[in-house]
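Please read the structure below before turning to the comments.
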Amino acid sequence: MHSHPVLHWTWRVAVVLVGGPILLAGIVMCVTPGPGIGGIVLGLAVLATEFAWAGKPLRLARRWGHYAKENAVQAQHRHQARKEVRRARKEGSRARSSSLR
C-alpha cells in the first residue's frame, strides 16, 4: 500500500477515520463512565501505525502502565505482609490468653 500514492493516502485516511474516533471516545470517557484510558491507548495504537506523532504518547502510556502495574504488585505484597503480621499477632495473643487461664 505504501508504494502506491493513492492507496497510501486512502490507507492513512482509513487509519484516521478508525483511530480518531476511538481516541476521541477515550477522551470523552475520561469524564463520563467508561474505560477512558483504554480508549485513549487503543486510539493511539491505531494512529501510531501510520503517524509518528502518536508513537510518543503511546510509549509514555505504556511506560505509565508498567509503572502502575509495578506499584500495584508492591502494594499487594505490602498488604499481604501486614495481613500475615496481624494474623501472627492474633495467634500469639490467643496463645498467651489461653496459657493465662
Side-chain angles (χ1 to χ4, degrees):
M1 288 212 199
H2 294 290
S3 62
H4 194 279
V6 174
L7 291 178
H8 176 68
W9 283 104
T10 305
W11 179 254
R12 286 180 74 117
V13 168
V15 167
V16 168
L17 290 177
V18 171
I22 294 172
L23 179 62
L24 291 175
I27 292 169
V28 169
M29 284 188 284
C30 282
V31 294
T32 61
I37 299 296
I40 290 172
V41 170
L42 183 61
L44 286 173
V46 170
L47 291 170
T49 61
E50 281 298 313
F51 300 101
W53 61 263
K56 185 174 181 180
L58 182 60
R59 282 190 301 276
L60 291 173
R62 290 179 72 186
R63 190 177 306 140
W64 179 83
H66 179 71
Y67 176 74
K69 175 188 163 197
E70 291 298 319
N71 281 345
V73 167
Q74 288 176 0
Q76 185 178 14
H77 289 308
R78 285 192 308 268
H79 176 71
Q80 196 69 7
R82 284 193 301 264
K83 195 174 179 182
E84 290 173 9
V85 167
R86 277 188 244 123
R87 187 178 304 133
R89 283 184 194 158
K90 195 173 186 179
E91 292 296 322
S93 67
R94 283 184 185 165
R96 282 192 306 264
S97 65
S98 65
S99 66
L100 294 176
R101 289 183 192 178

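- One hydrophobic cluster, built from ILVMFWY side chains closer than 4.5 Å, holds both Val18 and Val41.
- Between Phe51 atom CZ and Leu58 atom CG the span is 14.5 Å, to the nearest 0.5 Å.
- Looking at every heavy atom in both residues, Pro35 comes nearest to Met29 through CD-SD, 3.6 Å.
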Distance-only criterion, 3.5 Å: show the donor-acceptor pairs between side-chain atoms of residues 75-83 and protein atoms not counting sequence neighbours.
none

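- Considering CG of Leu44 and CH2 of Trp53, their distance stands at 6.5 Å, rounded to 0.5 Å.
- Nearest heavy atoms, Ile40 versus Ile27: CG1-N, 3.8 Å.
- Across all non-hydrogen atoms, the minimal contact from Ala54 to Pro57 is O-CD, 3.5 Å.
- Hydrophobic side-chain contacts under 4.5 Å tie Leu17 into a cluster, directly or through other members, with Val13.
- Expressed to the nearest 0.5 Å, how far CH2 of Trp9 lies from CZ of Arg12 amounts to 5.5 Å.
- Contact record, Ile22 with Gly43: CG2-N, 3.5 Å, taken as the closest heavy-atom pair.
- For the residue pair Gly20 and Leu47, the shortest heavy atom distance occurs at N-CD2, 4.1 Å.
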